[in-house]
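These notes concern the structure reproduced below.
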Number of protein chains: 2
Amino acid sequence: MNKVSVALDAMGGDLGPEPLVAGALSAVRSMPTIMVSLVGVSGELERILGKLNSRWRSLAISVVHSDAAVEMGEGTFSIARKRKGSSIVQCLRLHQEGDVQGVVSAGSTAASVLWSIDLLKTFPEGGFKPCLPAPWPNSKGHTLLVDAGASPDVNSIQLAHFAILGSLYAKVFFGREKVRVGLLSIGEERSKGSATVKEAYARIEKALGDDFAGMVEGRDLPTGKVDVVVCDAFVGNIMLKLGEGFVEEAGRMLKKNLNLLGKIGGFLMLPSLKKLKKKLSWEAVGAAPLLGVRGNVFVAHGRSTPLAIHNALINCARLSSQGMSQVMLHRYEELLNKNPDLFLSGS
Amino acid sequence: MNKVSVALDAMGGDLGPEPLVAGALSAVRSMPTIMVSLVGVSGELERILGKLNSRWRSLAISVVHSDAAVEMGEGTFSIARKRKGSSIVQCLRLHQEGDVQGVVSAGSTAASVLWSIDLLKTFPEGGFKPCLPAPWPNSKGHTLLVDAGASPDVNSIQLAHFAILGSLYAKVFFGREKVRVGLLSIGEERSKGSATVKEAYARIEKALGDDFAGMVEGRDLPTGKVDVVVCDAFVGNIMLKLGEGFVEEAGRMLKKNLNLLGKIGGFLMLPSLKKLKKKLSWEAVGAAPLLGVRGNVFVAHGRSTPLAIHNALINCARLSSQGMSQVMLHRYEELLNKNPDLFLSGS
């Protein structure tokens, strides 16, 4: 069996390095082929490793020194100034030089996106922006929301680019050759929606052919009408967070409005609800790959637990060892060869 | 007591004129001061009135003849061609000429918006677009989502305009002088979000002062962090429909994941859930006023039931008799007098 090595940005994340290191130890315990490079302030990481478990260290865990991570919420200027030596940049350099096949970071998404573009470069040629797919659970499985957080301000060409990346990744994610991709709008008619989505429609139709399901609406994401819902990261992030807030508030509203019988009913439902909650948790996926960059960079939730990092590392190792980024790049180029005028303006 | 007359676009709506007429009969029965003009194909409306109840007709219901309504999903060109004589145009003309103090339509929102702009005109001067507020329920009450469906493609000046309209309407809706208005973005930091929201920030801050709560996120709508959430109609419509689909799918996922105990629990909760569902239904509000037009035009859901139309007519009558549109226009002008350079470009 071939080994696969992954760099973990051990300084990124809202909860400090400890849950990240714990997740890495857990991942190497359960997957014999994975090697994890913990990238961060070495003294601190060694201390945590010693505290948590040193037995596994020599086998599959290594420490690579870097400065601290970028703070959440830092502006682009501040990110750019601090880049030299920061943990995420160090991770990407290891990837760039071929020392690791994939990268996982729970740090600033803006920093991961910015530096992946800068160091690894995007595809195809022409300054295209990357996107992040988020799996939204429904009763039939999942729908991928693309872009869930990488590029908030995009034009119709970018949206078509996201649709192609989303469809290629969906084939990997769902493990089938046929997927249905919808373009998010405010009605199923082609004539409705913002100028940007109306312009994107024709390009996506041309690029995806039968895989394109046309315009879809907000309700089609949770009900799972299609496999991929395409939008910009501004709308995607708002939808994701609306879903989080909705679940939270629904519990509060329910509690406030239950009569005695309802309260007993709620008590009886608790075990099922807990199981469902666990099933739906983003921790089960762990991290999403940054699509459209020349590399396997996985972005994890800022508040990642050891379980989330465990799953993020395993997913990253599995997809990286399959050469996910190269496969997508190859397929993307095939598609462009068939449609050479896809991104010409006005086409 | 002063009478208040409202025109009902009796041909608009997905379910045909019958539930609309039934809602009008119900409204005049419960509110002695309201007079309703049913606008539509008179033969058909007379037939339905005869069938449902003729006793109340002579007192508070009148029929005004027009051609049929605009079909849902018709494009702007088709809408413009058919405008002459259509039921919504007839309603707006009655309002324009002072025959009615308010208008309710469950027909095409695009048509109501387009013709309200054309016939009644918007305020302030300068081609501003109108917006629709939708009350989103939470455990503390409601948050108004503005714009929920009138103007999908807007710039930062328009967003600031929506924030002002939203704050003025919220004071009417919640019945208090102090409201909190948030600008929807993808982070609380002022530096995050699309170029449009970042540009809108400074204008809104200047216009609303202490009423402006800064950037809010998707989760802050369902959890009710502020009284008003400001966005364009593209995002607003997607959020509304996401909420609808979410509730629908949550039921399906829950059913699929309940064990026997959980199923019994669910059964015990049913009465409370039904009561809650009724409480949360949009039927209780009925219709939203089109903010920023010089008139009281209320847009109802396309699938409005008699109950929804009943509530829409009562709300429209109540707010129209208080001169809602004139009050908002007056307050808007006061605000502009205090900030004369609010909408200057680059300010």
Side-chain angles (χ1 to χ4, degrees), chain A residues 73 75-76 137-139 149 152-153 184-187 189 191-195 197 217-224 231-235 237-250 252-254 256-259 261-262 264-273 275-276 279-280, chain B residues 73 75-76 137-139 149 152-153 184-187 189 191-195 197 217-224 231-235 237-250 252-254 256-259 261-262 264-273 275-276 279-280:
Chain A
T76 311
N138 55 53
S139 58
D153 258 318
L184 187 64
S185 184
I186 57 175
E189 305 87 353
S191 62
K192 280 194 175 176
S194 66
V197 300
E217 298 188 76
R219 51 171 292 112
D220 299 326
L221 177 66
T223 58
C231 59
D232 63 51
F234 187 79
V235 175
N237 174 289
I238 285 167
M239 290 180 93
L240 270 190
K241 288 190 179 154
L242 177 63
E244 282 176 28
F246 203 91
V247 170
E248 196 185 306
E249 189 67 15
R252 264 199 290 271
M253 288 175 83
L254 204 56
K256 215 175 154 178
N257 284 279
L258 287 178
N259 58 18
L261 217 61
I264 297 169
F267 181 73
L268 296 178
M269 277 171 91
L270 270 186
S272 298
L273 283 178
K275 217 169 134 186
L276 180 61
K279 203 166 146 183
L280 300 187
Chain B
T76 310
N138 55 52
S139 59
D153 260 318
L184 187 64
S185 185
I186 57 175
E189 305 87 354
S191 62
K192 279 193 176 177
S194 66
V197 300
E217 298 189 77
R219 52 172 291 111
D220 299 327
L221 177 66
T223 58
C231 60
D232 64 51
F234 187 78
V235 175
N237 174 290
I238 285 168
M239 291 180 93
L240 269 190
K241 288 191 179 153
L242 177 63
E244 281 176 27
F246 203 90
V247 170
E248 197 186 304
E249 189 68 14
R252 265 199 289 272
M253 289 175 83
L254 203 56
K256 215 175 155 178
N257 285 279
L258 287 179
N259 59 17
L261 216 61
I264 297 169
F267 181 73
L268 295 179
M269 277 171 92
L270 271 186
S272 297
L273 283 178
K275 217 169 136 186
L276 181 60
K279 204 166 147 184
L280 301 185

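Below, chain A is the first sequence line, B the second, and so on; all start at residue 1.
Looking at A/A250, neither its backbone nor its side chain comes within 4.5 Å of chain B, counting heavy atoms on both sides. Looking at A/L270, neither its backbone nor its side chain comes within 4.5 Å of chain B, counting heavy atoms on both sides. If you measure heavy-atom distances from A/L240 to chain B, you find no contacts under 4.5 Å at all. Both the backbone and the side chain of A/L258 come within less than 4.5 Å of a heavy atom of chain B. The contact between A/K256 and chain B is made entirely by side chain atoms (from C-beta outward), counting heavy-atom distances below 4.5 Å. Both the backbone and the side chain of A/I186 come within less than 4.5 Å of a heavy atom in chain B.
The choice from A/G218, A/G243, A/G266 that makes the most heavy-atom pairs within less than 4.5 Å of chain B is A/G218. Annotation: maximal heavy-atom pairing with chain B below 4.5 Å, among A/C231, A/S185, A/G187, A/A233, occurs at A/S185. In terms of heavy-atom pairs under 4.5 angstrom with chain A, the leader among B/E244, B/M253, B/E248 is B/M253. Contact count against chain A (heavy-atom pairs under 4.5 Å) is highest for B/K241 among B/M239, B/R252, B/K241. Heavy-atom pairs under 4.5 Å with chain A were tallied for B/A195, B/G245, B/P222; the largest tally goes to B/P222.
A search for side chain to side chain donor-acceptor pair (under 3.5 Å) contacts involving B/S194 returns nothing, not counting sequence neighbours. For A/N257, the side chain to side chain donor-acceptor pair (under 3.5 Å) test picks out B/K279, with sequence neighbours left out.
Panel note: side chain A/T223, backbone B/E249; no donor-acceptor pair is recorded below 3.5 Å.
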Start with the C-alpha gap between A/F246 and B/L242, add the side-chain angles, then the distance that decides, and say whether side chain to side chain contact (heavy atoms under 4.5 Å, CB included) holds.
-> CA-CA 10 Å; A/F246 203 91; B/L242 177 63; over 6 Å; no

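The two atoms that bring B/N138 and B/L221 nearest to each other are ND2-O, 4.4 Å, heavy atoms only. Across all their heavy atoms, A/L184 and A/V197 have their closest contact at O-CG1, 3.6 Å.
For the pair B/L261/A/S272, no side-chain contact is recorded, criterion being any heavy-atom separation below 4.5 Å from C-beta on. When side chains are defined from C-beta on, A/N259 does not count as touching B/K275, because their heavy atoms never get closer than 4.5 Å.
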